Amino acid sequence: MTALVHYRLDGQLALIGLSRPPVNALGQPLRAALLEACERAAADPAVAAIVLHGANGLFSAGADISEFGSEASSAAPDLPGLLVRLTRIDKPLVAAIGKLALGGGLELALACGYRIGEPQARLGLPEINLGLLPGAGGTQRLPRLIGAESALNMILSGKQVDVQHAHLMGILDRLADNPETLIEQACVYARELLAQGAPAQPAARYPSPAVDLPEGFFAGFRAEQEARWKSRLAPRLVLAAIEAACLLPLEEGLAREQDLFRQAEASRQSAALRHVFFAEREAGRIPGIDPALDMRPIAKVAVIGAGTMGGGIAMNFANAGIPVVVLEQKSDALERGLSNVQRNYEISVKRGKLSQAELEKRMRLLQGSLEYADIADADLVIEAVFEKLEIKQQVFRTLDEVCKPGAILATNTSSLDVDAIAAVTSRPQDVIGLHFFSPANVMRLLEVVRARRTAPDVLATTLKLARRIGKLPVVSGVCFGFIGNRMLEPYAREAMRMVLEGASPAQVDGVLTGIDLNMGVLSMLDLAGIDVNYLVRQANKAAFADDPSYCRLGDELYAMGCYGQKSSFGFYHYEGRQRLDDPTVEKVAERLAGELQIPRRSLAPQEIHDRCLFMLINEGIQLLDEGIALRASDIDLVWINGYGFPAHLGGPMHYAEQLGLDQVLDGILRLQASLGSHGQRWFKPAPLLKRLVAAGRTRIEKF
Ligand code: 3H9
C-alpha cells in the first residue's frame, strides 16, 4: 500500500486515511491509492464497514487544481468514476470529516452512505470560484440529499458552511464532540449501522429533487440572475446541471454533469480563475526572503489620522482582535472618526452580520488618543493623514522621535515616494508603504510598498500581518502610484482623451463593462473623486507636461467643482443612486477639443477597448520590466481586487496573454500610427513586450 493512504483494520472496520499533505488534494496518485484501498476493503470478508478519514485530521480540499487543463485531471481512476465505484461497494462507508471537505472532497463524502463531522469542520462546493461546477457527482447527489433549491444555492455561492448548518441541511448525519474523538465516534457510528443492518447506501431523501419547486423555477431563476452573472459561464452550467438532476435519473444526470464539467474545465474563464487561485498563493512568496525569517511581534497597532481611511484601517485590526490606538490632532476630529467606526459596526449589527457583543468587544479594542506618547509602545504605526509629501514627512519625523526601537512605521499613501518619507527618519529600514484601498475595512487588496531600505523582516512581518487581518497583500516597489494607480494613469488618460475626440462617457464605460469590468473607468473616477485624481495628477505633473490634452477633461471638471458622485456632478450627473448622462460634459468636451484642435469623430467599440486596455496592459508590462512588480500575476491580483477587473478574465496580464501578446503589440503599433501626435507620444510599446513577442513567448514574464 502506498504511503498516500493509511489502511488499518479495527475489528470489522477498515479505516482508510487519506494522507497527501497539505490538503489531501485528490490528484491521480491519491485517487489510485484510495481506489486500491477501497477495493481491498470491499474484497476482504472480514471487513463489514469502512471509515474514510483524513490521516492528518483534514478530510480533503477536493480535486487537485493543478491537474485541471491537463490529462492528469481525468487520468484513471478519474474522480467521478472512483466515486461511482464507492457507491457500489456493498458495505457501509462512513466519511469522518475533519477540518475541511471541499469540492471533490465533499463529493467524496457524498458518495459515502454516511457522514459525521467534527465541530470545527467546514464543508462546501467552491468549484464556482474556479469557473467550474462540481464534477464528481455533487450536482446530482447533493440535490437528492438536501433538495434542488438548497443544493443550487450552496453550489452557486461556493460558500463554506459549518457543521451545524451542514447537519441541519441534512448533509451530515452526525456531529462528533471534538476533532480528537472524530475517528473513534465514526467507528462507533459504523458499528451502530452494522448492528442495525443499515444498507450501504440509504435511500435518497429527495429522490425527485424538484418536488418542492414551483412551476417554471429554473427559467425564472435564470431570468433573475442573468444580469448579475454577466458573461460568466460556470453559473449557467451549474444551473443546467441541477436542472438535469431534477429531470434525469441519477446515472444520466451524472453523465450530463460530466459533459458540463468538461465544458467548464476547457473554458478560458476557468483557466483564468485557476490562474488567480495560484497567483494568490504565489504573491506571498518573496524571492530572497526566507519564509523561516524571525518576524517582529505585533501586539499593538497605532493609526495616525481618524478620517475615513484611518478609521477603516483601524477597524481591520480591531476585527482581528488586535488592540489599536487611533491618534488625531483635535478632539472633535477624533470623536467624529470613532463614531464613524461605531456607525459602521452598527450597520453590520443591523444586517445581522455582527453581534452586539462583538461590536462592543471591537470598540473596546479601539482607543482614541490626542497624544503621541500613547503610541510610543506600538509595534506597528500606520500613518493615514492627508496625501501630501511634506505633511507625511512631518508625521514621520515625529514618529521617529517617539516610537520604540524596532517599531514598524508604515505610510498609507496611494502614490507618494515612500523612500522620501523613509529618508526623514533615522530608521529607514523600519519604514514601509501600506496602500489600503477604500473602504479600507472592506477592500481585500493591500499594496505593500517595499522601499529601497525596507528590512526583510519588516516586509515579511507586514505580509504575515496582512493575511492575519484578512487582506491580500501584493508587494510593489516604489514608483509614482505603485502598481495599481500607475496603471490607472494611462488607462484613464485614454478614456478622457476619447471623450474629447467624440465618445460619450457612457460609450467608453459601456465598452469596459461590456467585458465585465465592475465599472467603467470614468464611473470609477466619479466614485473615487475627480478631485482626488486631480491632486494625485498634480503631484506627477512633470511626467505629462508636454501633452496639453492630458486628462484635460478631468482638470476642467475639477475646476468647475464637479468632483464626481460626492458633488452629484462629474463625468455623469447623479440623481440619488441613478447615474445619468450629462450634456454639460459633452459641451465641455466639445469646447476643449476645439481649443486643442482635436477633430471630433465617432469611435468604434474596438478602438475604445484597445486604447484603454492596451495602455493598461503596456504599463503593467513596463512595471514588471522595471521590477516594481515581482511577477505578472501580482499585477493581475492588484487589478482584480482593487479596480474591479473581472477575475474570470484573470487580470490584465492574463487577459493580454489570452488575446495574444503579438496581437497586443500589433494593436499598440497600429494606434501609434493612426492617432497622430497623440499616438506617437503615448503608444510606445514596452520594451519587454517587444522582446517577448520577438522571442515568440506567449507568457508575460521577466525576460
Ligand atoms: C474540484 O474539486 C472539482 C471536482 O468537483 C470535480 C473533479 C472532477 N488542489 O490556500 P493555502 C494547495 S475543484 C491543489 O495556502 P489555507 C495550495 O495551492 C477543487 N492544491 O492554505 C497551497 O499550496 P502551496 C475544489 C491545493 O490554509 C497549499 O495547498 N476545492 C488545493 O489558507 C495550502 O493552501 C477548492 O476550490 C487543491 N484543491 O487554505 C479548494 N487546495 O503551499 C481550494 C489547496 O504550494 N483550496 N492547495 O502554495 C482552498 O480554498 C484553500 O487552499 C484551503 C486551505 C481552504 C483548502
Side-chain angles (χ1 to χ4, degrees), residues 481 485 488-514 517 519-576 578-616 671-683:
N485 281 342
L488 178 63
E489 270 298 311
Y491 176 60
R493 178 198 72 221
E494 281 313 302
M496 289 191 223
R497 167 83 192 200
M498 283 188 281
V499 178
L500 293 192
E501 291 178 22
S504 71
Q507 256 176 310
V508 174
D509 283 350
V511 169
L512 301 170
T513 51
L517 270 108
M519 257 189 205
V521 55
L522 300 172
S523 309
M524 188 165 83
L525 292 175
D526 270 358
L527 180 67
I530 287 177
D531 52 336
V532 175
N533 186 249
Y534 173 83
L535 294 173
V536 169
R537 195 159 54 242
Q538 288 305 301
N540 192 35
K541 224 172 166 181
F544 49 80
D546 65 336
D547 178 2
S549 81
Y550 194 93
C551 297
R552 267 302 291 281
L553 188 55
D555 294 353
E556 198 71 16
L557 291 172
Y558 173 77
M560 291 160 62
C562 300
Y563 295 163
Q565 278 196 29
K566 62 179 132 182
S567 63
S568 299
F569 288 94
F571 291 101
Y572 299 88
H573 168 47
Y574 297 86
E575 276 177 14
Q578 233 192 330
R579 187 174 59 219
L580 305 164
D581 291 339
D582 186 349
T584 319
V585 173
E586 199 185 339
K587 284 204 195 91
V588 174
E590 257 173 28
R591 174 170 57 77
L592 290 175
E595 281 170 31
L596 294 160
Q597 292 174 356
I598 295 170
R600 303 262 296 166
R601 63 191 170 96
S602 74
L603 282 90
Q606 188 67 49
E607 179 176 345
I608 294 173
H609 170 276
D610 291 357
R611 287 176 66 175
C612 284
L613 270 299
F614 290 177
M615 283 297 95
L616 181 73
L671 289 162
Q672 185 186 63
S674 67
L675 292 175
S677 59
H678 181 77
Q680 295 295 322
R681 183 182 277 122
W682 295 115
F683 284 73

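Note that the structure is predicted; figures quoted are calculated from it, not measured.
No more than 12 heavy atoms of other residues, nucleotides or ligands shown are found within 6.0 angstrom of CD on Gln597. A 6.0 Å sphere centred on CD of Glu586 holds no more than 12 heavy atoms belonging to other residues, nucleotides or ligands.
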Query - Val588 vs Met560, side-chain contact (heavy atoms from CB on, under 4.5 Å): CA-CA, chis, key distance, verdict - result: CA-CA 10 Å; Val588 174; Met560 291 160 62; 4.0 Å; yes
Check the pair Ser549 / Ile598 against side-chain contact (heavy atoms from CB on, under 4.5 Å), numbers first and verdict last.
CA-CA 9 Å; Ser549 81; Ile598 295 170; 4.1 Å; yes
Could you walk me through whether Met496 and Val499 satisfy the side-chain contact (heavy atoms from CB on, under 4.5 Å) test, starting with their C-alpha distance in whole Å, then the side-chain angles of each, then the deciding distance to 0.1 Å, before giving a yes or no? CA-CA 5 Å; Met496 289 191 223; Val499 178; 5.8 Å; no
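Evaluation of the side-chain contact (heavy atoms from CB on, under 4.5 Å) rule for Phe569 yields Cys562, His573, Asp582 as partners, not counting sequence neighbours. For Tyr550, the side-chain hydrogen bond (donor to acceptor under 3.5 Å, both in side chains) partners at least two apart in sequence or on another chain are Glu489. Taking the side-chain hydrogen bond (donor to acceptor under 3.5 Å, both in side chains) definition, one finds that Arg600 meets it with nothing, sequence neighbours left out.
Figure legend: Arg579 and Tyr572 shown as a cation-pi pair, the cationic atom lying under 6.0 angstrom from the six-membered ring centre and within 45 degrees of its axis.
Looking at heavy atoms from C-beta onward, Met524 lies in side-chain contact with Leu488 at the 4.5 angstrom threshold.
Contact check on Asp555 versus Arg537 returns a salt bridge, with a Lys/Arg side-chain nitrogen under 4.0 Å from an Asp/Glu carboxylate oxygen.
Counting all heavy atoms, side chain and backbone alike, Leu603 lies closest to Arg611 at CD2-NH1, 3.8 Å.
Checked options Glu494, Arg493, Glu501, Gln672; the residue passing with His678 is Glu494 (criterion: side chain to side chain donor-acceptor pair (under 3.5 Å)).
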